[in-house]
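Please read the structure below before turning to the comments.
Position 1 is the first residue of the sequence, and the numbers go up from there. Quantities reported herein were computed from a predicted structural model and do not represent experimental measurements.
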Amino acid sequence: MGIEMDDPPDQMNLATLEKRCQQEMINYRKGQVYDDRYCLEIFYRALKKQDDQASELLVRSLRGMAISWLRSHPRYDSAMRYESEDNYVIEAFARLWNARRDKSTNFETLGAALFYLKRSLLTAVQDTLRFYEKQMVQLPEPGGAAADEPVAQEEDDGRELWEVLQSFLPTEREKELAYLLYHCNLKPREIMQHRAGMFSDVSEIYRLRRNIIDRLERNMDQIRWRLSDEEKK
């Protein structure tokens with residue numbers, strides 16, 4: 001009786017590749033001998049052949065591992081304040097897809113491929129934390145006053161700042177969200193509890209917040225100019 005031979009990975013269909021890759025991933029995690037050709041073939045089809053089904057398979061197969069990396073991040077709690085786990089994972093794979101023409105994504109081992117994905121995830125977390133911590137603008141309540149500032153002056157300053165900033169936010173929903181995020185310092189899930197009828201889900205709040213920050217960042221020079229102009233009046 002002859003020995004049954006498998007087709008080479010580049011001739012396998014995705015369903016077969018998925019099964020073989022899953023088994024080899026188990027061996028890889030256990031530190032046992034493994035054959036990484038099957039997983040690398042999926043990476044190759046997703047990155048170099050731009051096969052959508054292979055891309056979906058890759059995300060489905062590695063999502064759990066990516067989330068475990070994320071949860072072990074030393075700044076996990078801070079990261080969750082700005083984006084959801086799914087958004088970070090999506091961003092990590094987006095960075096992987098964007099680098100598909102980079103020679104560094106011609107992976108020769110499974111370890112190299114996973115290292116690149118993990119680095120993409122950690123970079124996504126780092127960039128998000130840096131972005132929000134640098135660009136976050138504290139929006140005071142109109143007419144609000146700090147305890148250690150003259151009340152009348154603080155009311156004027158707060159009102160002017162709010163009026164300038166909200167002029168760059170085109171919708172009432174964005175203005176309301178900016179107030180809840182940056183003055184009330186509420187997290188997206190807390191906002192859903194207080195304003196359940198205003199937003200469809202937490203993902204919408206994340207998306208709108210990114211839009212708000214992007215818009216204010218693009219117009220920061222004009223915002224500064226408007227504020228300095230108001231001070232001269």
Side-chain angles (χ1 to χ4, degrees), residues 9-10 12-15 17-18 20-22 24-25 28-29 34 36-136 174 181 188 201-220:
D10 61 355
M12 289 181 175
N13 59 42
L14 279 176
L17 276 175
E18 180 176 14
R20 296 301 301 265
C21 179
Q22 287 175 347
E24 298 304 330
M25 285 290 293
Y28 174 83
R29 292 192 186 101
Y34 65 94
D36 56 8
R37 293 179 301 155
Y38 309 102
C39 298
L40 289 177
E41 177 63 22
I42 298 174
F43 269 94
Y44 174 76
R45 294 185 191 184
L47 288 170
K48 304 306 179 181
K49 289 192 171 184
Q50 302 185 29
D51 185 313
D52 291 339
Q53 291 183 325
S55 298
E56 293 173 4
L57 171 57
L58 203 60
V59 174
R60 186 168 67 249
S61 300
L62 299 179
R63 178 182 179 278
M65 182 177 289
I67 287 179
S68 69
W69 292 333
L70 179 60
R71 290 177 179 174
S72 65
H73 193 285
R75 298 196 64 190
Y76 173 80
D77 290 339
S78 297
M80 288 302 98
R81 187 174 186 84
Y82 301 115
E83 300 288 354
S84 67
E85 287 183 337
D86 282 339
N87 283 353
Y88 283 114
V89 172
I90 290 171
E91 177 65 20
F93 277 100
R95 290 168 183 259
L96 182 63
W97 308 146
N98 289 338
R100 64 182 65 195
R101 293 182 179 83
D102 189 337
K103 290 183 179 180
S104 63
T105 57
N106 296 329
F107 305 121
E108 296 184 359
T109 66
L110 176 59
L114 295 178
F115 175 81
Y116 194 100
L117 178 61
K118 184 175 184 180
R119 187 178 66 181
S120 297
L121 176 69
L122 298 181
T123 302
V125 173
Q126 181 182 20
D127 288 350
T128 298
L129 289 171
R130 183 184 296 121
F131 177 83
Y132 282 112
E133 290 172 355
K134 180 180 179 181
Q135 301 299 334
M136 184 177 293
E174 289 190 4
L181 285 169
D201 53 29
V202 174
S203 296
E204 182 184 13
I205 295 177
Y206 284 124
R207 179 178 58 79
L208 288 174
R209 180 173 62 181
R210 172 70 70 166
N211 291 343
I212 290 170
I213 295 297
D214 285 346
R215 185 173 290 109
L216 294 179
E217 183 185 32
R218 289 196 304 270
N219 293 282
M220 192 56 65

So do the side chains of Lys118 and Leu62 get within less than 4.5 Å of each other, counting heavy atoms only?
no
Quick one: closest heavy-atom pair of Ala54 and Leu14, and the distance?
N-CD1, 3.7 Å
So, do Phe107 and Asp36 sit near enough that their side-chain heavy atoms are less than 4.5 Å apart?
no
With sequence neighbours left out, the residues meeting side chain to side chain donor-acceptor pair (under 3.5 Å) with Asn13 are Thr16
Between the CG atom in Leu47 and the CD1 atom in Ile42, the distance rounded to the nearest 0.5 Å is 11.5 Å
Does any non-hydrogen side-chain atom of Met25 lie less than 4.5 Å from one of Leu114?
yes
As a test of understanding, state which of Arg20, Gln22, Glu18, Glu24 forms a side-chain hydrogen bond (donor to acceptor under 3.5 Å, both in side chains) with Tyr38.
Arg20
Heavy-atom side-chain contact between Val125 and Tyr88 under 4.5 Å:
yes
Can you tell me how far CG of Leu58 sits from CD of Glu56, rounded to the nearest 0.5 angstrom?
11.0 Å
Straight-line distance of Leu96 CG to Asp102 CG, nearest 0.5 Å
10.5 Å
Hey, does Ile67 have a side-chain heavy atom less than 4.5 Å from the side chain of Arg63?
yes
I'd like to check Leu117 versus Phe93 (side-chain heavy atoms, cut-off strictly below 4.5 Å). Are they in contact?
yes
Can a salt bridge be assigned to the pair Asp10 and Arg37 using a cut-off of 4.0 Å between side-chain N and carboxylate O?
no
Would you say the side chain of Arg119 lies within less than 4.5 Å of the side chain of Arg95, judging by non-hydrogen atoms?
no
Find the distance between CZ (Phe43) and CG (Leu57) and round it off to the nearest 0.5 Å.
10.0 Å
Begin from the C-alpha positions of Glu41 and Arg45 and carry the test salt bridge (Lys or Arg N to Asp or Glu O under 4.0 Å) through to its verdict.
CA-CA 6 Å; Glu41 177 63 22; Arg45 294 185 191 184; 2.8 Å; yes
Atom OG1 of Thr128 and atom CZ of Arg81: how far apart are they, to the nearest 0.5 Å?
14.5 Å
Rounded to the nearest 0.5 Å, the CG atom of Leu122 sits from the OG atom of Ser72 at a distance of 8.0 Å
